[in-house]
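As structure tokens, the structure follows; a few thoughts come after it.
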Amino acid sequence: MSKKDKTLKDILDCILYENPSTQDEIAEKLGITRRYVAQLLQPLVKEGTVKRAYMIDLKSYEAITHSLSDYSSPKDIKGNVIVNDMLANMARHVHLQLEASFDAILEYDKEKAKKALEMDFATNNMVEKIRTSVETIVSMNYHSEFSKSLLYNEIAYDLERIGDYCGHIAKFVINDVYEIDNQVMKNLKKMYNATQTMIPLSIKAFIEGKTELKDDLNELEEAIHILQAKSINLIAEQMAESSFDEKERSNYFIYLFRVIKAFKRMGDISVEMMDVAIEFHDNIPRPTTPRTFR
């Protein structure tokens, strides 16, 4: 295979798995010039293989990888495996998004908080990529279970929701003028660690079929709920000692409640993703009762 063909394949894989936003970013990741990236992508953009915002039509991608069969592995041409990889990549990105948001709180750094919020643009773009890829997989394989294929979208949507709650954490630093009390911060650190463990567990269950991890996930969720109750009690005591005439102080408590709720909701969403994994792999329907009322 020619060097040009290999570079084209590298560009397509970069778009699929690394979620670049610009040609400059693709060029930087691959160590080539932006001009060369534009030259190779131009015909693919014209024919619709590569869409704006850098999404790839999987049907066309499959045809290209077949034509490069001396280089492509079976993994490269299986649509469901591609989407699994995209979900794993999205989960890693959300994991980093949560880390950046919480680091902003730990260091009380507004610039880090702003950067964490900017990461949500990539999260939203990943959801759209997965949705269009799932639509293509369904159209490529008419014998696939339509309802199961749509579960990929549900996992992507759940990860997007976690990304949104990461934004609530980052906004605390941007909106507020007070640092968090040490006792409350200790609980938040524990909630953060539990959440950062739950997200990978739920994704592992969906992608690899490790549904036996449900018990571990439930224990972590219960720990988050206990920490939430403790934190709310601590904040209630602090509120009782504060004057309601202090508007800034009142806003501090409102924003802090949102941070606590964000961790609680991220834990709940992780369990919901586990329920999707169990439905996908074990054919056990998810509970119809919302988690709030169980």
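What's counted below: heavy atoms across the whole structure, side chains too, no hydrogens, waters or symmetry copies.
- Between Lys114 atom NZ and Ile174 atom CD1 the span is 6.5 Å, to the nearest 0.5 Å.
- Shortest non-hydrogen contact noted between Val94 and Gly163 is CG1-N, 4.3 Å.
- Within the structure, salt bridge (charged side-chain N to carboxylate O under 4.0 Å, His left out) contacts touching residues 154-167 (residues at least two apart or in different chains) are Glu154-Arg286, Asp158-Arg161, Arg161-Glu272.
- Evaluated for a side-chain contact (heavy atoms from CB on, under 4.5 Å) with Ile162, the options Met273, Met90, Met198 yield exactly one hit, Met273.
- For the side-chain contact (heavy atoms from CB on, under 4.5 Å) with Leu227, the qualifying choice from Ile232, Ile260, Asn187 is Asn187, the only one to do so.
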- Message: Please determine whether salt bridge (charged side-chain N to carboxylate O under 4.0 Å, His left out) holds for the pair Glu118 and Lys115, giving the CA-CA distance in whole Å, both sets of side-chain angles, and the decisive distance to 0.1 Å.
- Response: CA-CA 5 Å; Glu118 289 171 3; Lys115 289 180 180 178; over 6 Å; no
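- With a 4.5 Å cut-off on side-chain heavy atoms, Glu28 and Asp24 do not count as touching.
- Here the closest heavy-atom approach between residue Leu87 and residue Ile130 is recorded as CD2-CD1, 3.6 Å.
- For residues 23-45, no pair satisfies ring pair (Phe, Tyr, Trp, His ring centres under 6.0 Å), with sequence neighbours left out.
- Transitive grouping of hydrophobic side chains (ILVMFWY, heavy atoms separated by less than 4.5 Å) keeps Phe102 and Leu96 in distinct clusters.
- Each side chain to side chain donor-acceptor pair (under 3.5 Å) pair with one or both residues in residues 194-207, not counting sequence neighbours, appears once here: His95-Gln196, Tyr192-Gln196, Lys204-Glu208.
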- Stepwise side chain to side chain contact (heavy atoms under 4.5 Å, CB included) test for Leu217 and Asp275: CA-CA 11 Å; Leu217 208 67; Asp275 290 339; over 6 Å; no
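- You'll find the side chain of Tyr255 stays beyond 4.5 Å of the side chain of Ile180, heavy atoms only.
- At least one side-chain heavy atom of Phe253 sits less than 4.5 Å from a side-chain heavy atom of Gln238.
- Distance check, rounded to the nearest 0.5 Å: CD1 of Ile169 to CE of Met266 gives 3.5 Å.
- Hydrophobic clustering, with ILVMFWY side chains joined whenever heavy atoms are under 4.5 angstrom apart, groups Met239 together with Met185.
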- Query: Given the rule in the side chain to side chain contact (heavy atoms under 4.5 Å, CB included) test, do Leu159 and Ile199 qualify, once you have shown the distances and angles that lead to the verdict?
  - Reply: CA-CA 9 Å; Leu159 287 171; Ile199 297 170; 4.3 Å; yes
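- A continuous path of Ile, Leu, Val, Met, Phe, Trp and Tyr side chains, each step under 4.5 Å between heavy atoms, connects Ile207 with Ile284, placing both in one hydrophobic cluster.
- When side chains are defined from C-beta on, Lys214 does not count as touching Leu201, because their heavy atoms never get closer than 4.5 Å.
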- Test side chain to side chain contact (heavy atoms under 4.5 Å, CB included) on Thr132 and Glu128 and set out the steps. CA-CA 6 Å; Thr132 56; Glu128 183 61 20; 3.6 Å; yes
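- In this structure, SG on Cys166 lies 8.5 Å from CE on Met119, to the nearest 0.5 angstrom.
- Scanning for ring pair (Phe, Tyr, Trp, His ring centres under 6.0 Å) contacts around Phe206 gives Tyr152, Phe280, with sequence neighbours left out.
- When all heavy atoms of Ala194 and Ile224 are compared, the pair lying nearest together is CB-CG1, 3.7 Å.
- Rounding to the nearest 0.5 angstrom, the gap separating the NZ atom in Lys261 from the CG atom in Asp268 is 10.5 Å.
- Follow the hydrophobic side-chain contacts under 4.5 Å out from Phe257 and you reach Val259 in the same cluster.
- Applying the salt bridge (Lys or Arg N to Asp or Glu O under 4.0 Å) test to Glu107 and every residue at least two apart in sequence or in another chain returns Lys112.
- Closest of all the heavy-atom pairs between Ala113 and Ala170 is CB-O, 3.4 Å.
- In plain terms, the two heavy atoms of Met191 and Ser231 that are nearest each other are SD-OG, 4.5 Å.
- Of the residues listed (Leu12, Asp10, Val37, Ile32), the one engaging Ile26 in a side-chain contact (heavy atoms from CB on, under 4.5 Å) is Val37, and it is the only one.
- Nearest heavy-atom pair across Glu212 and Gly209 is OE1-O, 4.1 Å.
- Judged by distance alone, with hydrogens and angles left aside, the side-chain atoms of Asn193 form a donor-acceptor pair with the main-chain N or O of Lys189 at under 3.5 Å.
- Residues Tyr165 and Tyr157 are members of separate hydrophobic clusters, defined by side-chain heavy-atom contacts under 4.5 angstrom among Ile, Leu, Val, Met, Phe, Trp and Tyr.
- To the nearest 0.5 Å, the span separating OG on Ser270 from CG on Asn218 amounts to 11.5 Å.
- In terms of the salt bridge (Lys or Arg N to Asp or Glu O under 4.0 Å) criterion, Arg258 has no residue partners (sequence neighbours excluded).
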- Under the side chain to side chain contact (heavy atoms under 4.5 Å, CB included) rule, what do His225 and Glu221 come out as? Steps first, then yes or no, please. CA-CA 6 Å; His225 287 183; Glu221 183 194 33; 3.8 Å; yes
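- Side chains of Lys230 and Leu234 form no contact here, defined as non-hydrogen atoms less than 4.5 Å apart.
- Here CD1 of Ile254 is found 12.0 Å from CZ of Phe172. Values are rounded to the nearest 0.5 Å.
- Residues Ile235 and Val184 have side chains in contact (heavy-atom distance under 4.5 Å, counting atoms from C-beta outward).
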